[in-house]
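One structure is given below, encoded as structure tokens.
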Amino acid sequence: MPELPEVETIKNELAPHVIGERILAVTILWDKIVRQPSANEFRRHLVGQEVTGIARRGKYLLFSLKNSEKLLVLHLKMSGSLLLATASTEPPAYTRAILWLDNGNNIFFRDPRKFGRLWLVNEPAEAFGKLGPEPFEEDFTPERLAGLLQGRKAPVKALLLDQDLIAGIGNLYADEALFAAGIYPLRPGASLTADEVRQLHQAIREVLMEGIKNKGASIVNYYRPSGDAGHAHEEFKVAHRRGENCPVCGTTLSYIKVRGRGTYFCPQCQRE
DNA sequence: CCCGGAACCTGAAGGC
DNA sequence: TGCCTTCAGGTTCCGG
């Protein structure tokens with residue numbers, strides 16, 4: 001599913017079609033997609049509201065409304081996408097919810113695996129609790145990263161995926177960042193030197209920035225609101241490149257599982 | 001608190 | 001072809 005660069009792309013490309021538009025109707029095709037409140041209350045509160053803005057926090061999207069203090073919060077999880085369509089377009093297969101807008105730019109929330117969720121909340125924390133710093137905010141410094149890794153025995157890759165520590169990094173960009181920093185994914189968090197932490201900090205920002213520039217990575221189930229693919233995966237060095245060679249040294253890339261997640265790295269450039 | 005694994009879902013792809 | 005296993009970009013819950 002979308003990680004930070006994909007969610008950022010969706011936000012950017014959705015915004016001009018959605019901000020200032022009124023929600024004429026809400027269709028929920030699978031009730032459990034609405035996490036809070038009930039599907040009925042969710043629908044009732046949103047109908048007639050005007051969308052005034054879209055923001056991203058980590059991998060969450062937040063829609064603000066004109067005549068309500070409440071926020072519409074959304075998470076796409078593994079397989080969700082938001083597709084824009086005109087009123088005449090049929091909802092694609094696996095559409096779980098639809099927002100009908102008064103300019104005909106309806107939003108289809110498509111999600112084959114049914115992991116995605118919607119919330120209507122007074123405070124963002126009701127939807128996502130505690131989230132770590134945004135990678136591009138000023139408060140995310142190398143020192144802050146060092147503090148987050150301090151005393152942690154878990155693999156550094158697992159820590160990068162922990163949204164309580166840093167918001168927005170997912171499985172693909174974690175692999176890319178560790179490769180760019182030359183760090184073996186199973187290294188305990190606390191074992192990184194100050195220099196390695198600095199490199200990792202810079203690598204995180206670089207790979208995420210590159211991902212945004214390329215409009216996200218379309219490996220499975222990621223589409224931009226237009227239905228187009230992103231291009232970030234074409235630039236990936238190791239992520240999801242099983243059996244291929246390291247673009248730096250030519251060594252065959254390794255594949256292991258870290259906390260159940262497929263992990264790609266170069267055994268030569270990222271030594272134990 | 002920290003850590004690792006299972007659970008939540010469905011479909012596609014690969015091996016035999 | 002058919003069947004079985006593995007894999008897929010995430011989060012949450014549960015046990016140690």
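Quick caveat: nothing in here was measured; it's all calculated off a predicted structure. Every chain is numbered from 1, with letters handed out A, B, ... down the list of sequences.
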Quiz item: In whole Å, what is the span from the CZ atom of A:R110 to the P atom of B:dG11?
Solution: 10 Å
Practice problem: Scan A:G260 against the nucleic acid and name what it touches under 4.0 Å (heavy atoms): base, sugar-phosphate only, or nothing. | Solution: nothing
Quiz item: Could you state the CD-P distance from A:Q36 to C:dT11, rounded to the nearest angstrom?
Solution: 18 Å
Determine all donor-acceptor pairs shorter than 3.5 Å in which one atom belongs to a side chain in residues 167-177 of chain A; sequence neighbours excluded.
from   : atom 1 : to     : atom 2 : distance (Å)
A:N171 : OD1    : A:K157 : NZ     : 2.5
A:N171 : ND2    : A:G262 : O      : 3.0
A:Y173 : OH     : A:E6   : OE2    : 2.8
A:D175 : OD1    : A:K157 : NZ     : 2.8
A:D175 : OD2    : A:Y264 : N      : 2.9
A:E176 : OE1    : A:K237 : N      : 2.9
A:E176 : OE2    : A:K237 : N      : 3.1
A:E176 : OE2    : A:V238 : N      : 2.9
A:E176 : OE2    : A:A239 : N      : 2.8

I'd like a table of atom pairs between the protein and nucleotides 12-14 of chain B - only N or O on both sides, under 3.5 Å - with the distance next to each one.
none

Quiz item: A:H201: what forms a ring-ring contact (aromatic ring centres under 6.0 Å, His included) with it, not counting sequence neighbours?
Solution: A:F140
Practice problem: For nucleotides B:dG11 and C:dT11, find the distance between their P atoms and express it as a whole number of Å. | Solution: 22 Å
Quiz prompt | Between C:dT1 and B:dT10 - C1' atom distance, rounded Å | solution = 23 Å
Quiz item: Between A:R57 and A:E134, is the closest basic N to carboxylate O distance under 4.0 Å?
Solution: yes
Self-check item: B:dC9 versus C:dC3 - spacing of their P atoms, nearest Å
Solution: 25 Å
Quiz item: How long is the gap from CZ on A:F179 to CZ on A:F236, to the nearest 0.5 Å?
Solution: 13.0 Å
Exercise. Would you indicate what A:A217 reaches in the nucleic acid, counting non-hydrogen atoms under 4.0 angstrom: base, sugar-phosphate, or nothing?
Key: base
Exercise. Would you mind classifying the nucleic acid contact of A:S81 as base, sugar-phosphate or nothing, using non-hydrogen atoms under 4.0 angstrom?
Key: nothing
Self-check item: P gap between B:dG5 and C:dC7, integer Å
Solution: 15 Å
Quiz item: DNA chain B in dot-bracket, Watson-Crick or G-U pairs under 3.5 Å, [ ] crossing, | other strand?
Solution: .|||||||.|||||||
Quiz item: Does A:E234 have any side chain to side chain donor-acceptor pair (under 3.5 Å) partners at least two apart in sequence or in another chain, and if so, which?
Solution: A:H231
Practice problem: Grab the CZ-C1' distance between A:R187 and B:dC3 for me, whole Å please. | Solution: 19 Å
Quiz item: Under 4.0 Å between a side-chain N/O of A:K32 and OP1 or OP2 of B:dC8, yes or no?
Solution: no
Quiz item: How long is the gap from CZ on A:R56 to CG on A:L61, to the nearest 0.5 Å?
Solution: 8.5 Å
Practice problem: Just grab all the salt bridge (charged side-chain N to carboxylate O under 4.0 Å, His left out) pairs involving residues 184-198 of chain A, residues at least two apart or on different chains. | Solution: A:R187-A:E196, A:D195-A:R198
Quiz prompt | Short side-chain N/O contact from A:K257 to OP1 or OP2 of B:dG5, under 4.0 Å | solution = no
Quiz item: Contacts to DNA chain B from residues 114-122 of chain A, heavy-atom cutoff under 4.0 Å, which residues?
Solution: A:K114, A:F115
Quiz item: Does anything in residues 145-164 of chain A reach DNA chain B, meaning a heavy atom under 4.0 Å, and if so which residues?
Solution: A:R152, A:K153, A:A154, A:P155
Quiz item: In whole angstrom, what separates A:R242's CZ from C:dC7's P?
Solution: 6 Å
Quiz prompt | A:Y264 vs C:dC7: side-chain N/O to OP1/OP2 distance below 4.0 Å | solution = no
Quiz prompt | Among C:dG10, C:dC7, C:dT11, the one nearest A:Y60 by side-chain distance | solution = C:dT11
Exercise. Could you tell me the separation between the CZ atom of A:F128 and the P atom of C:dT11, rounded to a whole number of Å?
Key: 12 Å
Quiz prompt | Whole-Å distance separating the CZ atom of A:R261 from the P atom of B:dG5 | solution = 14 Å
Self-check item: Euclidean distance, atom NE2 of residue A:H240 to atom P of C:dA8 [Å, nearest integer]
Solution: 5 Å
Exercise. Look up atom CG in A:L159 and atom CD1 in A:I166, then write down how far apart they are to the nearest 0.5 Å.
Key: 8.5 Å
Quiz item: Taking ILVMFWY side chains as joined if any heavy atoms are under 4.5 angstrom apart, and letting links pass through other members, which residues group with A:F128?
Solution: A:Y60, A:L62, A:L71, A:V73, A:W119, A:V121, A:L131
Exercise. Mark yes or no for whether A:T52, through its side chain, and A:S64, through its backbone, hold a donor-acceptor pair below 3.5 Å.
Key: yes
Quiz item: So, is A:H75 close to the C:dT11 phosphate, meaning a side-chain N or O under 4.0 Å from OP1 or OP2?
Solution: yes
Quiz item: Can you tell me if A:E50 uses its side chain to pair, donor with acceptor, with the backbone of A:G48 under 3.5 Å?
Solution: no
Quiz item: Salt bridge between A:E8 and A:K11, side-chain N to carboxylate O under 4.0 Å?
Solution: yes
Quiz item: Can you check the A:L131 CG to C:dT11 C1' distance for me, whole Å?
Solution: 11 Å
Quiz item: What pairs meet the salt bridge (charged side-chain N to carboxylate O under 4.0 Å, His left out) rule with one or both residues in residues 107-119 of chain A, with sequence neighbours excluded?
Solution: none
Practice problem: List for me each residue that meets ring-ring contact (aromatic ring centres under 6.0 Å, His included) alongside A:F265, sequence neighbours excluded, and say none if there are none. | Solution: A:Y184
Self-check item: Partners meeting side chain to side chain donor-acceptor pair (under 3.5 Å) with A:E206 (sequence neighbours left out)
Solution: A:Q202
